[in-house]
Amino acid sequence: MFGAILGDIAGSRFEFSRPEKFNYKKEPFFTDGCFFTDDTVMTVATKYAVLNETSYRTAYLHFGKMYPLVGYGTMFKRWLEGGGCAAYRSFGNGSAMRVSFIGEYFPTLERVREHAQKSALCTHNHPEGVKGAEATAVCVYLARTENSKKEIKKYIEKNYGYDLSKPLLLIRPRAKVDMSCQVSVPLAIRCFLESSSWESCMRNVYSVKCDTDTVGCIAGAIAEAYYHTTGQNDLELIRRYLAVPDAHGRCDMTLFNWATMN
């Protein structure tokens with residue numbers, strides 16, 4: 001899960017814009033301009049739901065209300081403000097960015113798929129929203145259980161219908177920010193497939209104009225599961241960005257504690 005959180009943080013400052021002259025091969029991942037977003041909050045909320053055996057809806061409402069100003073999409077914000085009354089047929093990438101812990105935690109592919117679906121359905125109950133969440137969690141599971149990139153690619157293409165064959169070299173020229181699962185999830189997987197480490201996976205994310213924090217969150221989760229490391233000082237970085245002062249000047253350790261809990 002650290003790979004997802006650090007992917008979100010590293011991508012946060014380029015979510016909506018980036019410099020015209022941008023050297024993605026040398027750009028530092030973590031600077032003072034980075035921050036955690038809704039991707040991190042909801043990823044931690046998923047872990048909270050699983051470990052406490054509570055509903056995903058309850059966890060998302062709980063963490064969403066604790067951290068209301070972290071960049072939620074319009075529809076999720078309305079859902080949050082309305083008390084989580086009903087799912088809203090979204091196929092946005094919010095269902096995929098929060099699901100990585102499910103792929104890490106559950107021992108079988110069947111349980112991973114079951115819980116990924118449940119995590120999506122409380123909000124993103126459009127078929128593409130559910131598919132994006134499931135495909136992401138399955139990628140993480142397959143990566144951590146020693147499947148090859150070729151096997152992961154074949155499984156996802158066969159079972160979820162994503163075309164993962166187009167190289168980033170051909171994607172870059174016409175890429176644009178698209179927050180749907182249909183675009184974000186296959187792009188994130190492709191960034192992983194062309195990587196040689198977590199760092200190079202993030203370089204791939206940086207190289208494409210996209211919803212950088214969310215694509216980074218998804219791709220970073222898969223890459224960490226596959227390479228078994230991010231190559232970063234995980235705990236130090238996560239403490240630096242997640243242990244933040246609250247409205248009363250006290251240090252809020254909630255996100256950090258849940259993110260790092262075994």
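The basis for the numbers below is simple: all heavy atoms, side chains too, and nothing from hydrogens, waters or symmetry mates.
Taking the ring centroids of Tyr241 and Phe256, they lie at or beyond the 6.0 Å cut-off. Checked against the 6.0 Å centroid criterion, the rings of Phe106 and Tyr141 do not qualify as a close aromatic pair. Aromatic rings from Tyr227 and Trp198 are positioned such that their centres are separated by 6.0 Å or more.
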Requested in this report: Give the C-alpha distance, both sets of side-chain angles, the deciding distance and a yes or no for salt bridge (charged side-chain N to carboxylate O under 4.0 Å, His left out) between Glu81 and Lys65.
Outcome: CA-CA 8 Å; Glu81 291 169 350; Lys65 289 177 179 178; over 6 Å; no
Query raised in the report: Where do Ile9 and Leu237 land on the side chain to side chain contact (heavy atoms under 4.5 Å, CB included) test, with the steps shown first?
Result: CA-CA 10 Å; Ile9 293 168; Leu237 283 167; over 6 Å; no
Query - Check against side chain to side chain contact (heavy atoms under 4.5 Å, CB included), Leu61 and Tyr56 - result: CA-CA 8 Å; Leu61 283 170; Tyr56 293 103; over 6 Å; no
Requested in this report: Could you please spell out the steps behind the side chain to side chain donor-acceptor pair (under 3.5 Å) verdict for His115 and Glu110?
Outcome: CA-CA 9 Å; His115 276 266; Glu110 290 72 23; over 6 Å; no
Query - Stepwise side chain to side chain donor-acceptor pair (under 3.5 Å) check, Tyr60 with Ser55 - result: CA-CA 9 Å; Tyr60 298 151; Ser55 72; over 6 Å; no
Query raised in the report: Hey, mind stepping through Arg190 and Glu194 against salt bridge (charged side-chain N to carboxylate O under 4.0 Å, His left out) and telling me if it holds?
Result: CA-CA 6 Å; Arg190 188 67 210 183; Glu194 291 192 28; 2.9 Å; yes
Requested in this report: Please test Asp234 against Thr229 for side chain to side chain contact (heavy atoms under 4.5 Å, CB included), starting from the C-alpha separation and ending with a verdict.
Outcome: CA-CA 9 Å; Asp234 294 347; Thr229 181; 5.7 Å; no
**Report entry** Worked verdict on His126 versus Tyr88 for ring pair (Phe, Tyr, Trp, His ring centres under 6.0 Å)
**Finding:** CA-CA 8 Å; His126 188 283; Tyr88 45 87; over 10 Å; no
Query - side chain to side chain contact (heavy atoms under 4.5 Å, CB included) between Cys181 and Ser95, worked out - result: CA-CA 8 Å; Cys181 275; Ser95 61; 3.4 Å; yes
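Here the closest heavy-atom approach between residue Glu151 and residue Ser148 is recorded as OE1-N, 2.8 Å. Smallest separation of non-hydrogen atoms from Ala45 and Ala59: O-CB, 3.4 Å. The two residues Arg89 and Pro127 make their nearest non-hydrogen contact at NH1-CD, 3.7 Å. Nearest heavy-atom pair, Val185 versus Ala135, reported as atom, atom and distance to 0.1 Å: CG1-CB, 4.4 Å. Residues Val99 and Ala133 approach most closely at CG1-O, 3.5 Å, considering heavy atoms. Closest heavy-atom contact between Ile5 and Ala259: CD1-CB, 3.7 Å.
Residue Leu6 is grouped with residue Tyr24 when hydrophobic side chains (ILVMFWY) are merged at heavy-atom distances under 4.5 angstrom, including chains of intermediate members. Taking hydrophobic clusters as Ile, Leu, Val, Met, Phe, Trp and Tyr residues chained together by side-chain heavy-atom distances below 4.5 Å, Phe192 does not share a cluster with Leu170. Phe35 and Met253 fall into different hydrophobic clusters, where Ile, Leu, Val, Met, Phe, Trp and Tyr are joined by side-chain heavy atoms under 4.5 Å apart, directly or via other members. Both Ile171 and Val205 sit in one connected hydrophobic cluster of ILVMFWY residues. Membership requires side-chain heavy atoms under 4.5 Å apart, directly or through other members. Under a hydrophobic-cluster definition in which Ile, Leu, Val, Met, Phe, Trp and Tyr are linked whenever side-chain heavy atoms come within less than 4.5 Å, directly or via other members, Val183 and Tyr162 are assigned to different clusters.
Distance alone, capped at 3.5 Å, places no donor-acceptor pair between the Glu236 side chain and the Asn233 backbone. Using modelled atom types, one side-chain atom of Ser200 and one backbone atom of Ser197 make a donor-acceptor pair closer than 3.5 Å. Judged purely by atom type and a 3.5 angstrom limit, Arg144 uses its side chain to pair as donor or acceptor with the backbone of Gly103. Under a 3.5 Å cut-off, the side chain of Asp213 and the backbone N or O of Gly11 do not form any donor-acceptor pair. Remark: side-chain polar atoms of Ser100 are not paired, donor with acceptor, to backbone N or O of Ala221 under 3.5 angstrom. Remark: side-chain polar atoms of Arg13 are not paired, donor with acceptor, to backbone N or O of Cys34 under 3.5 angstrom.
Side-chain contact between Tyr226 and Asn147: absent, with no pair of heavy atoms (C-beta onward) separated by less than 4.5 Å. With contacts defined as side-chain heavy-atom distances shorter than 4.5 Å, the pair Val112/Val140 does not qualify. With contacts defined as side-chain heavy-atom distances shorter than 4.5 Å, the pair Leu168/Val208 qualifies. By the 4.5 Å heavy-atom criterion applied to side chains, Cys210 and Val177 are not counted as neighbours. Side-chain contact between Phe36 and Ile238 is absent, with no heavy-atom pair separated by less than 4.5 Å. Side-chain contact check for His228 versus Glu224: every heavy-atom pair is 4.5 Å or farther apart. Residues Cys139 and Ile189 are in side-chain contact: their nearest non-hydrogen atoms beyond the backbone lie under 4.5 Å apart. Contact check for Val130 versus Phe91: no side-chain heavy atoms found under the 4.5 Å cut-off.
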What pairs of donor and acceptor atoms, side-chain ones from residues 69-79 against any protein atom, are under 3.5 angstrom apart with sequence neighbours left out?
{"from": "Tyr72", "atom 1": "OH", "to": "Tyr67", "atom 2": "O", "distance (Å)": "2.7"}
{"from": "Trp79", "atom 1": "NE1", "to": "Cys122", "atom 2": "O", "distance (Å)": "3.4"}

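Side-chain N/O atoms of Thr54 and Tyr48 include no donor and acceptor closer than 3.5 Å. Judged by distance alone, the side chains of Asn125 and Thr123 never bring a donor and an acceptor atom under 3.5 Å apart. With no hydrogens or angles considered, a side-chain donor-acceptor pair links Arg172 and Ser207 at under 3.5 Å.
Remark: Lys47 is not positioned above the aromatic ring of Tyr105, lacking an NZ or CZ atom under 6.0 angstrom from the ring centre and at most 45 degrees off the axis.
For residues 114-141, every residue pair satisfying the salt bridge (charged side-chain N to carboxylate O under 4.0 Å, His left out) rule, not counting sequence neighbours, is listed here: Arg111-Glu114, Arg113-Glu134, Glu114-Lys118, Glu128-Lys131.
The pair Glu199-Arg203 does not meet the salt-bridge criterion, since no charged nitrogen lies less than 4.0 angstrom from a carboxylate oxygen. In this structure, Asp178 does not pair ionically with Lys209, as no charged nitrogen and carboxylate oxygen lie closer than 4.0 Å.
Here the CG-CG distance, from Leu164 to Leu193, works out to 6.0 Å after rounding to the nearest 0.5 Å. Here the straight-line distance linking atom NZ of Lys149 with atom OG of Ser195 works out to 4.0 Å at 0.5 Å rounding. To the nearest 0.5 Å, atom CG of residue Asp39 and atom OG1 of residue Thr37 are 3.5 Å apart. From Tyr155, atom OH reaches atom CG of Leu142 across 6.5 Å, with rounding to the nearest 0.5 Å. Rounded to the nearest 0.5 angstrom, Arg98 CZ and Asp8 CG are separated by 14.0 Å. Note that CZ of Phe29 and CD of Gln232 are 6.5 Å apart. Values are rounded to the nearest 0.5 Å.
For Arg239, the CZ atom counts as loosely surrounded, since its 6.0 Å shell holds 12 or fewer non-hydrogen atoms of other residues, nucleotides or ligands.
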